[in-house]
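Inspection log for the structure reproduced underneath, given as structure tokens.
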Amino acid sequence: MTLARHDAIVIGAGVAGLSTALYLQRAGIGVAVIDPLPPAGGTSFGNAGLLSPDTAVPIALPGMLRKVPGWLMDPLGPLSVRPAYFPRALPWLLRWIQAGKLDKVLAISDAMRALNGETLSCWQELLGPSPYRDLIRPTGQVHVWEGGGDSANAAVERQIRERHGIRADPLTSDDLRQMFPGISRDVTRGLLLPGNGFTVSPQRSVRTLGDLLLQEGGALINERAMKLIPKDGGGWMVMTNTANRSADHVVVATGAWSRQLLDPLGIKVALESERGYHAMLFDPEVTPSIPISNKTRAFGVTPMEDGLRVGGTVEISGLDAAPNEARAKVLVEHAKRMFPGLTGDKVRYWMGHRPSTPDSLPILGPAGGHPGLHLAFGHGHFGMTGGPPSGRLVSRMILGQPPGIDPAPYAAQRFR
Ligand SMILES: Cc1cc2nc3c(=O)[nH]c(=O)nc-3n(C[C@H](O)[C@H](O)[C@H](O)COP(=O)(O)OP(=O)(O)OC[C@H]3O[C@@H](n4cnc5c(N)ncnc54)[C@H](O)[C@@H]3O)c2cc1C
């Protein structure tokens, strides 16, 4: 049994944990990151790789609620809730409905933009110039719609973009056909968001954060944290499957699994897994130059270094239910409909757990009433974007430095 002491322990080697760890390590704090999986072994492995400084539109919106019953009727539609899990998810779903009210949406959007607006500069700061050039493409993203008429949330989305000065250039169907030869005529209009970008490999981007942490003197420890125990006189003991590790500061960055460590301490947060899927097409024949999000069918395609990634869907079924690969297969059908020339014979299916809060904001900063315990999770649909700026914010709060942005909207206390 190992008994070890570290300056700080970060639990979870996803994008949120490794960003926090690297910022701390660079500030002179010796960090150990604990995770039974290698870096990017969780949800950070298989996301769509969109890095979007423009992220300011929460998932819960007034118009969204009207769509939900229709989606729920279709077991392979963009949203499904497994009936047996519904009672457990209900409190979170009710908070999600509350968060979708217009007065809340604008305040949430301000906090989303304040954090996510820094994503590309934080990725650059963390990776350094050469890995950044290798992994990140600040080329813009395109959103597209099928059919005519505005979507239910078009007005509020426009209002949010104007509020934050986000540039969005309208694209006609002819523009789209020029940009993306072979795109279906069902796709009738689009928006180019030139301020956004993507990574050609979420896994390699996050793994590089782990490599840098090791090079700069930090540690990666393959253990599972089982319990957090406050120590007499201050600091924390992390009881893992094979060791007892102590530190003055412990950061919980265990994504969708974070309640497992916090519930026993009486720290209540509204966190639910929104399971999502990807289908990775290895020899796709069609490769758009930049990511396309199809807003009508709620899926997206991202050109990655090893093929075309088709990602999307939300499934509320908890952490333990087996994946339903039919949901990933539907994504391939959607992609083939958008690009009829697409081939997809060599495919990998994947399921991951978005760590989601009802208000689309992560949970960052001190776990109030538990000195030395800090939180860095809850990034939901936007963790590849929000992870690095969150790491910077949380590390600054631990170091007692000016946080740079107002941390109040992300505080765990908002759920009490
Ligand atoms: C289909 C899909 C598409 C997405 N697309 C995008 C996108 O385009 N852009 C974007 O910004 N975001 C996207 N996301 C969201 C993004 O992937 C997540 O928000 C992000 O990866 C969460 O990172 P994390 O570090 O919090 O969690 P994770 O990456 O899940 O890491 C948590 C880690 O904690 C570890 N852990 C859990 N319990 C313990 C324990 N007890 N002890 C030790 N370790 C533990 C796990 O093993 C895991 O490695 C997408 C998500 C999905 C599912």
Side-chain angles (χ1 to χ4, degrees), residues 9-21 32-53 55 59 112 115-116 119 123 141 196-199 202-203 205-207 209-210 220-228 238-241 245 250-262 271 273-280 291 293 298-302 304 309-315 319 323 327-328 331 349-357 360 362-364 375-391:
I9 293 174
V10 173
I11 311 174
V15 64
L18 286 169
S19 299
T20 310
V33 176
I34 297 179
D35 196 318
L37 299 179
T43 311
S44 300
F45 171 86
N47 56 70
L50 305 179
L51 305 178
S52 315
T55 303
I59 299 295
M112 289 178 81
L115 188 75
N116 295 310
T119 184
W123 272 108
Q141 297 164 5
N196 290 341
F198 68 106
T199 168
Q203 182 195 19
S205 299
V206 174
R207 219 176 51 204
L209 301 180
L220 293 174
I221 295 171
N222 292 124
E223 291 168 13
R224 173 174 297 283
M226 311 293 285
K227 193 170 181 194
L228 306 180
V238 181
M239 197 175 157
T240 78
N241 55 323
R245 301 187 176 278
V250 170
V251 181
V252 176
T254 42
W257 297 270
S258 297
R259 283 186 53 191
Q260 293 171 354
L261 292 171
L262 298 179
L271 183 73
S273 162
E274 283 188 75
R275 296 147 55 112
Y277 290 80
H278 85 213
M280 192 74 206
S293 298
F299 79 100
V301 294
T302 310
M304 293 202 172
R309 184 164 293 180
V310 191
T313 86
V314 170
E315 182 187 43
L319 291 167
R327 296 186 70 77
L331 292 173
Y349 300 118
W350 172 88
M351 189 269 288
H353 295 278
R354 297 183 189 92
S356 294
T357 61
S360 299
I363 300 169
L364 306 175
L375 311 178
F377 59 84
H379 295 85
H381 293 242
F382 312 113
M384 278 304 282
T385 298
S390 299

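Order of appearance sets the numbers: ligands from 1, and atoms from 1 within every ligand.
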Protein heavy-atom partner closest to atom 2 (C) of ligand 1 - residue, atom, separation in Å: Arg354 NH2, 3.9 Å
Atom 26 (O) of ligand 1: which of Gly276, Gly255, Pro291, Ala376 has the nearest heavy atom? Gly255
Which atoms of ligand 1 sit under 4.0 Å from any heavy atom of Phe382? 10 (C), 11 (O), 12 (N)
Going through the checks in order, is the side chain to side chain contact (heavy atoms under 4.5 Å, CB included) test met by Thr240 and Ile221? CA-CA 10 Å; Thr240 78; Ile221 295 171; over 6 Å; no
Give the atom numbers and elements of ligand 1 that come within less than 4.0 Å of a heavy atom of Ala225. 40 (C), 41 (N), 42 (N), 43 (C)
Below 3.5 Å, N or O to N or O, backbone or side chain included: is there any such pair between Gly311 and ligand 1? no
Any nitrogen or oxygen of Ala13, side chain or backbone, less than 3.5 Å from one on ligand 1? no
Measure Ile11 to ligand 1 on non-hydrogen atoms and call it side chain, backbone, both or neither using the 4.0 Å cut-off. side chain
Residue and atom name of the nearest protein heavy atom (relative to atom 31 (O) of ligand 1), distance in Å to one decimal: Gly14 CA, 3.6 Å
Report yes if some N/O of Pro355 lies less than 3.5 Å from some N/O of ligand 1; otherwise report no. no
Does the N or O separation between Glu223 and ligand 1 drop below 3.5 Å for any pair? no
Would you compute the distance between atom CG of Asn116 and atom NE2 of His379 and round it to the nearest 0.5 angstrom? 8.0 Å
For ligand 1, which atoms sit closer than 4.0 Å to a heavy atom of Gly49? 7 (C), 8 (O)
Per-atom contacts, ligand 1 versus Gly12 - under 4.0 Å to a heavy atom: 33 (C), 34 (O)
Give the numbers and elements of all ligand 1 atoms closer than 4.0 Å to a heavy atom of Leu37. 47 (O)
Per-residue contact class, Phe198 against ligand 1 - non-hydrogen pairs under 4.0 Å: neither
Thr302 side chain to Ala48 backbone, donor-acceptor under 3.5 Å: yes
Got an N/O contact under 3.5 Å between Gly352 and ligand 1? no
To the nearest 0.5 Å, how far apart are CG in Asn241 and CE in Met226? 6.5 Å
Just by distance, do the side chain of Trp123 and the backbone of Met384 share a donor-acceptor pair under 3.5 Å? yes
Nearest heavy-atom approach of Val10 to Ala253 is CG1-CB, 4.3 Å
Check: Leu228 and Val252 side chains under 4.5 Å, non-hydrogen atoms: yes
Dump the intermediate steps for side chain to side chain contact (heavy atoms under 4.5 Å, CB included) on Leu50 and Asn196, then the final yes or no. CA-CA 8 Å; Leu50 305 179; Asn196 290 341; over 6 Å; no
For atom 37 (C) of ligand 1, which candidate among Phe299, Trp257, Phe377 provides the closest heavy atom? Trp257
Looking at Ala16, which atoms of ligand 1 are within less than 4.0 Å of one of its heavy atoms? 25 (O), 26 (O)
Between atom CG of Leu261 and atom CE of Met239, what is the distance when rounded to the nearest 0.5 Å? 12.5 Å
Protein contact to atom 30 (O) of ligand 1 [nearest heavy atom, distance to 0.1 Å]: Thr43 N, 2.9 Å
Which residue holds the protein heavy atom closest to atom 33 (C) of ligand 1, what is that atom called, and what is the gap in Å? Asp35 OD2, 3.4 Å
Name the closest protein heavy atom to atom 44 (N) of ligand 1, giving the residue it belongs to and the distance to 0.1 Å. Pro36 CD, 3.4 Å
Atom 15 (C) of ligand 1: which protein heavy atom is closest, and how many Å away? Gly380 O, 3.0 Å
Please walk me through it: do Ser52 and Gln141 pass side chain to side chain donor-acceptor pair (under 3.5 Å)? CA-CA 8 Å; Ser52 315; Gln141 297 164 5; 3.0 Å; yes
CZ (Arg259) with more than 12 external heavy atoms under 6.0 Å: no
Taking only distance into account, with no hydrogens and no angle test, what donor-acceptor pairs under 3.5 Å do side-chain atoms of residues 36-45 form with protein atoms, sequence neighbours excluded?
| from | atom 1 | to | atom 2 | distance (Å) |
| --- | --- | --- | --- | --- |
| Thr43 | OG1 | His353 | N | 3.3 |
| Thr43 | OG1 | His353 | O | 2.7 |
| Ser44 | OG | Val15 | N | 3.0 |

For atom 21 (O) of ligand 1, what is the closest protein heavy atom, and at what distance to 0.1 Å? Ser44 OG, 3.0 Å
Shortest protein contact, atom 4 (C) of ligand 1 (heavy atom only): Asn47 CB, 3.2 Å
Minimum distance, heavy atoms only, to atom 10 (C) of ligand 1: which one of Arg275, Met351, His381 is it? His381
Ligand-residue contact atoms, ligand 1 with Ile34, heavy atoms, under 4.0 Å: 43 (C), 44 (N)
Just by modelled atom types, is the Ala16 backbone N or O under 3.5 Å from a matching donor or acceptor in the Ser19 side chain? no
Roughly how far, to the nearest 0.5 Å, is the NE2 atom of His381 from the CZ atom of Arg354? 4.5 Å
Distance-minimising heavy-atom pair for Pro202 and Gly49: CG-CA, 3.9 Å
